[in-house]
There are 2 protein chains.
Amino acid sequence: MDVKTVCLGMLTSGAASGYDLKKYFESSFGHFFVAGYGSIYPALSSLAESGLVTCRDIPQEGKPDRKVYSITAAGRQELMCALAKPKPGHKVRSEFLAMLWFAHLMSHEQINTVIDYRLDEVDKFLDMLDELGDCDEHEECTGANFVAGFGRAIATACKNYLEENRHTLVAGKTKELKSATG
Amino acid sequence: MDVKTVCLGMLTSGAASGYDLKKYFESSFGHFFVAGYGSIYPALSSLAESGLVTCRDIPQEGKPDRKVYSITAAGRQELMCALAKPKPGHKVRSEFLAMLWFAHLMSHEQINTVIDYRLDEVDKFLDMLDELGDCDEHEECTGANFVAGFGRAIATACKNYLEENRHTLVAGKTKELKSATG
DNA sequence: ATGCATACTATCAGTTTGATATATGGAAAC
DNA sequence: GTTTCCATATATCAAACTGATAGTATGCAT
């Protein structure tokens, strides 16, 4: 399940350009599988070379040509193989948590700044999910709904944890602030 | 906050070899910041070249020499700069969720397999955290405890969500299984 | 008129991944 | 007794990915 495979999967719901796929990644997909142009364009080129997708050039006035990719039968087969993988990975790369691991080397202010920023990002993410909403019509949306719900659950848990436990990181610096400010 | 910076941070609690750092990454750090030999060794070499760490060769009998790295004053300064970054990232790369996004292209059995596998991994992770336990003695452990707690919270939320919602992915395939099996 | 956003493509240095190689000693399996 | 596996320790490499940058055109705001 690399970027190539995910692109292949996205193309099952219709032909699209690299630009389209990027927007797709940015909206719903973005939070759990990041991909930029630097990986999408090479992925599409490689897929075309292997015959898993075909490319059609659509000239446009005043804009660069759109290169619209469609999945082939071979591409569908390849995708099915990838979906048979029994042990898919799930990796987190968090500068945020890595920083807070070293919280004892940070100032009270620095800690608050990074936590506030993270809470902000989580809120933005939850808002995005709300705007998207769930789709109850198409059967092919069950997966998307499930994943969106997963995102909601994790984001909420993240938010709650940060709000309820941030005091443990600044308590050592402020020493019994609660009674001192009365 | 790349691998270099995290290595620098780990070295603040004592000199260590690349092998030691790998074990460190694998145990407590592993779940939110993955790093293999392929990134650790080059990171240490690069840090040594920049004068942010020093290296001491310790010959051993029957085993390759240990290269033990220590952080320098310049290294500490560099680390402090990195810890001042106000907007640390937090990225997820989930083949698991990417697969389930395409659940409508998967068989009932495939879906159950990947969810069972993920639940297994989450349980292993929670067990690992329990074995590690919290350290209440050193002030420098507040960050580690906070991060471990975060991991516990997220893992628990993940487990609950998967257990409570997996039925939505297989319901379409089994159609009213609940009453049919009575 | 200058800057910025949208629409579209594409490249590239630097970083990371995951597998593999090398070498030895000890424990466990057969 | 010997093969096989694991732990200790280093290191490299192709393939993949990141994040920034670049180019080209339209339109909209300031």
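In what follows, every chain begins at residue 1, and chains take the letters A, B, ... in the order their sequences are listed. Values reported hereafter were calculated over all heavy atoms of this structure, with side chains retained and with hydrogens, waters and symmetry mates removed.
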As a test of reading the structure: which of [options] is closest to the side chain of [X], going by heavy atoms?
X	options	answer
B:D2	D:dA11, C:dT16, C:dT17	C:dT16
A:K67	D:dC17, C:dA10, D:dA9	C:dA10
A:K23	C:dA7, C:dA10, D:dC17	C:dA7
B:Y19	C:dT11, C:dT17, D:dA9	D:dA9
A:R66	C:dC8, D:dA9, C:dT17	C:dC8
B:Y37	C:dC8, C:dT17, D:dT10	D:dT10

Gap between atoms [atom1] and [atom2], on [X] and [N] respectively (whole Å):
X	N	atom1	atom2	answer
B:F29	C:dT16	CZ	C1'	17 Å
A:D20	C:dT6	CG	C1'	13 Å
B:I40	D:dT12	CD1	P	15 Å
B:Y41	C:dT20	OH	P	18 Å
B:F25	C:dT17	CZ	C1'	14 Å
A:M1	C:dG18	CE	P	15 Å
B:L21	D:dA11	CG	C1'	15 Å
B:D57	D:dA9	CG	C1'	12 Å

Legend entry - Any A:R93 side-chain N or O less than 4.0 Å from OP1/OP2 of C:dT16: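 Yes, such a contact exists.
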
Inset, instruction - Inspect the surroundings of CD in A:Q77 and state if more than 12 heavy atoms from other residues, nucleotides or ligands are less than 6.0 Å away. - result: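 It does not: A:Q77 CD has 12 such atoms or fewer within range.
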
Legend entry - Lys/Arg N to Asp/Glu carboxylate O, B:E95 vs A:K85, below 4.0 Å: yes

Legend entry - Presence of salt bridge, A:R93 and B:D2, under 4.0 angstrom: no

Inset, instruction - Tell me which of B:S45 and A:K4 sits closer to the 5' end of DNA chain D, going by the nucleotide each one is nearest to. - result: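 Counting from the 5' end, the first nearest nucleotide belongs to B:S45.
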
Legend entry - Contact nearer the 5' end of DNA chain D, comparing B:S39 with B:G18: B:G18

Legend entry - B:F32 vs B:F25, ring-ring contact (aromatic ring centres under 6.0 Å, His included): CA-CA, chis, key distance, verdict: CA-CA 9 Å; B:F32 62 83; B:F25 271 105; 9.0 Å; no

Inset, instruction - Name the nucleic acid region contacted by B:K22, choosing base, sugar-phosphate or nothing; use a 4.0 angstrom heavy-atom cut-off, strictly under. - result: nothing

Legend entry - A:T156 side chain vs A:R152 backbone, donor-acceptor pair below 3.5 Å: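 Checked: pair present.
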
